[in-house]
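The shown structure was predicted, so the numbers you read here are calculated from the model rather than taken from an experiment.
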There are 2 protein chains.
Amino acid sequence: MEVRRVTIKDVAEAAGVGVATVSRVLSGGSASPETRERVLAVAAQLDYRPSALGRNLRQRRTGGIGLLVPDLTDTFFGQVAEGVLACARSAGEPVVVGSTGDDPEQEAELVGMLLEQSVDRLVAVPSGGAETWLPVTRAGMTVVFADRLPGGPADDGLPGSTADLMLLDGIPARPPARAVADVPAVLADDRSGIRTAVRYLHGLGHRRIAFLGGPGHDRRVAAFREAVGAPVDEELVVFATGSRDSAYAAASGLFQSRPDLTAVLAAGNMLGEAAVLAARELDLRVPRDVSLVMYDDVPWAELCSPPLTVIAQPGRDIGYRAAELVLRGTGRRPRGVTLPTELIVRGSCGPRH
Amino acid sequence: MEVRRVTIKDVAEAAGVGVATVSRVLSGGSASPETRERVLAVAAQLDYRPSALGRNLRQRRTGGIGLLVPDLTDTFFGQVAEGVLACARSAGEPVVVGSTGDDPEQEAELVGMLLEQSVDRLVAVPSGGAETWLPVTRAGMTVVFADRLPGGPADDGLPGSTADLMLLDGIPARPPARAVADVPAVLADDRSGIRTAVRYLHGLGHRRIAFLGGPGHDRRVAAFREAVGAPVDEELVVFATGSRDSAYAAASGLFQSRPDLTAVLAAGNMLGEAAVLAARELDLRVPRDVSLVMYDDVPWAELCSPPLTVIAQPGRDIGYRAAELVLRGTGRRPRGVTLPTELIVRGSCGPRH
DNA sequence: CTGAAAGCGCTAACAC
DNA sequence: GTGTTAGCGCTTTCAG
């Protein structure tokens, strides 16, 4: 059943040359036109495929790149993944994917697995903080973060002094350690996206705007705080964990504890989904009773009624660019790239009532 | 920068034993308790990770399993992928993922890449027909299909004689070649799902029910034809290619060419999305003017208004079971498994008007 | 119970 | 130009 693979030796024998010659020909080295032709012909005829295992082992190089996302069921991360896969394919590189469930432990475990596979280039939407990522970069992995940055070790969501922290897009990123802070990242311009949304809501007359966030939305809260200006009503800032249940609970709790809020900004599409559901359950009409802006322009945003006003970020591009960075080895110039967001106004926001 | 990996040799030296001993200890072989302890200690201290490359090369075994899906942006396939990843992780196996875009050519290319990586176990939602898959199985790959079966070579969607074809779930699957027909598959019980939905619509008084399908929905049309019984109005059976645009065009065209239809069955969530959009664009009210049943119970189905009545199939389970099968080597007894579907009635269907 | 040695498929020196 | 050879890190006989 297990058909023995055709090896370079087989090709060499069949072509009446040495293995080195075959290797050279196949990797575009020098060879007499005649030999080259013969080898190529034989290789094709035998349907020879060089074993990546052998090659990688010999070259002590990695095969492929790794991709870690929190949840492939989330359309946005699906977009990111598609971007990474597209770029990797065009480079002929395989992609080993892992889903972390937004759990630092699973994330660490998956990284270990990648290391074992000699995959030393990684695109990650990080869940864990510096304590997870410091060892990884130190292990010699080339990593590029996508969509978000690792949170600080003490992830209380409430950065204390924001004064002497490194600024990325002007948002305190609380770089937990030098090495991790130097990891390039491909991010959406959260600051501008959130600011635009908040201004839009302001313009509509809203004053009590809630923020509904999830894991990894540190930069977005920070941007929210900045955009709102003045002291933020802390009760209006709530966080869920990664699950749908948790998102729903957070949204529902928010609406019930603060019936006076007039608008909510959901920092991710799962949060947005939860907000719509919770609002409906509580007989809150959108946008009459409450206005809603959601992060991520997923296809179904348009199907809601009313269609959801969203902050669109280019998931696919984020993935593609991250893969590009990691593939080109991120030569010095580690600073990553920031992609634009866009406020797409549909029907889920109205004037304050 | 590139830190040399700790190899088995390093561990052996540090522990004052031979490499063979280290290997044995780490793979649970025999060794004196004392030696074992020492080796384990040293390995842990050095943070030694055996290289999968070396191991796999030596054992001429594959590392990991492959996963090929049409599009990770489609929530359903995201669920399937999550299932596969979950199973693979619990088995400690890495997963190499590829997105085919429902294009047989890309699919073939990706399979080639997997072969090169020595990945010889594959879970696939197939796009190509027998001509793609026959060579693959013959190359010695262990493959398990998920969610659908490869279509016939002449994929006209209109099987001619259904008499002497192999029946799977009683649906003509048009097995294009012995080898491919023997590939195990994990499928949802499309036949029952579709039948239930059609009966439900019948019960509501609908007689002109349209079928909106996409790539890989051969079994579903077949089930539709069977459920409707009698000769089906062929104008009411339309197919889109994989893209969202195509789906929209198909849906829109259907509504316009046959304004007399009263219900539509969308064979996948992207088709359902398109149907909702097209209906809205044409000022068709759901369910007053047209009833809609969609395949796949994606989270947003509930967010639509009215919430969509769906045929739910367990995407995650499908992926998980498929991975299980491919991991346990699918010992003889290739027949796969069929998982139940469920009609979830929400608000998108009403009595015929 | 343990070590030495042979190779898995490949590439990169190094000879010819 | 082309062949020979020495490993890459690992497991697995085969002796001791």
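- Within 4.0 Å of B:Thr35, counting heavy atoms only, lie sugar-phosphate atoms of the nucleic acid but no base atom.
- At D:dC10, none of the side-chain N or O atoms of B:Ser23 fall inside 4.0 Å of OP1 or OP2 (strictly under the cut-off).
- Between A:Met141 atom CE and A:Thr137 atom OG1 the span is 10.5 Å, to the nearest 0.5 Å.
- Following rounding to the nearest Å, B:Ile8 (CD1) and C:dA4 (P) show an atom-to-atom distance of 13 Å.
- Distance B:Leu26 CG to D:dT12 P: 13 Å, rounded to the nearest Å.
- For the salt bridge (Lys or Arg N to Asp or Glu O under 4.0 Å) test, residues two or more places apart in sequence or in another chain that qualify with B:Asp147 are B:Arg220.
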TODO: Go through the steps to decide whether A:Val111 and A:Trp133 satisfy the test side chain to side chain contact (heavy atoms under 4.5 Å, CB included), and finish with yes or no.
DONE: CA-CA 10 Å; A:Val111 169; A:Trp133 292 104; 4.3 Å; yes
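- A:Thr100 and A:Gln106 are not linked by any side-chain donor-acceptor pair at a separation below 3.5 angstrom, with hydrogens and angles left out of the test.
- Summarising the geometry, the separation between CG on A:Leu115 and P on D:dG9 is reported as 14 Å, rounded to the nearest angstrom.
- Atom P of nucleotide D:dG7 and atom CZ of B:Arg5 are separated by 20 Å, given to the nearest angstrom.
- Taking atom CZ on B:Arg36 and atom C1' on C:dT2, their separation rounds to 13 Å, with Å as the unit.
- The structure places CZ of B:Arg55 at 6.0 Å from CD of A:Glu116, a figure rounded to the nearest 0.5 Å.
- B:Asp10 has its CG atom 13 Å from the C1' atom of D:dC10, to the nearest Å.
- Interface residues of residues 42-53 of chain A facing DNA chain D, ordered by number: none; criterion, heavy-atom separation under 4.0 Å.
- B:Ile318 places a side-chain heavy atom less than 4.5 Å from the side chain of B:Leu339.
- Between its opening and closing five pairs, the helix from C:dC1-D:dG16 to C:dC16-D:dG1 changes axis direction by 50°, a value rounded to 10 degrees.
- Going from atom CD of A:Glu324 over to atom OG of A:Ser90 covers 8.0 Å, rounded to the nearest 0.5 Å.
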Taking distance alone, no hydrogens or angles, what donor-acceptor pairs closer than 3.5 Å link side-chain atoms of residues 33-43 of chain A to residues at least two apart or in another chain?
{"unit_1": "A:Thr35", "atom_1": "OG1", "unit_2": "A:Ser32", "atom_2": "OG", "d": "2.6"}
{"unit_1": "A:Arg38", "atom_1": "NH1", "unit_2": "A:Ala15", "atom_2": "O", "d": "2.4"}

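- The interatomic distance linking B:Arg61 (CZ) with C:dG9 (C1') rounds to 17 Å, in whole Å.
- Note: CZ (B:Arg24) to P (C:dA4) measures 11 Å, nearest angstrom.
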So which protein N/O to nucleotides 5-8 of chain C N/O distances come out below 3.5 Å?
{"unit_1": "C:dG7", "atom_1": "N2", "unit_2": "B:Arg58", "atom_2": "NH1", "d": "3.3"}
{"unit_1": "C:dC8", "atom_1": "O2", "unit_2": "B:Arg58", "atom_2": "N", "d": "3.0"}

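- B:Arg121 and B:Glu93 are joined by a salt bridge, as a carboxylate oxygen and a charged side-chain nitrogen come within less than 4.0 angstrom of each other.
- The side chain of B:Ser32 has C:dT2 as its nearest neighbour among C:dC10, D:dT12, C:dT2.
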For residues 61-73 of chain B, tabulate all N or O donor-acceptor pairs below 3.5 Å that involve a side-chain atom, not counting sequence neighbours.
{"unit_1": "B:Thr62", "atom_1": "OG1", "unit_2": "B:Gly64", "atom_2": "O", "d": "3.4"}
{"unit_1": "B:Thr62", "atom_1": "OG1", "unit_2": "B:Ser118", "atom_2": "O", "d": "2.5"}
{"unit_1": "B:Thr62", "atom_1": "OG1", "unit_2": "B:Asp120", "atom_2": "N", "d": "3.3"}
{"unit_1": "B:Asp71", "atom_1": "OD1", "unit_2": "B:Thr73", "atom_2": "N", "d": "2.9"}

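- Rounded to the nearest 0.5 angstrom, A:Gln79 CD and A:Asp74 CG are separated by 9.0 Å.
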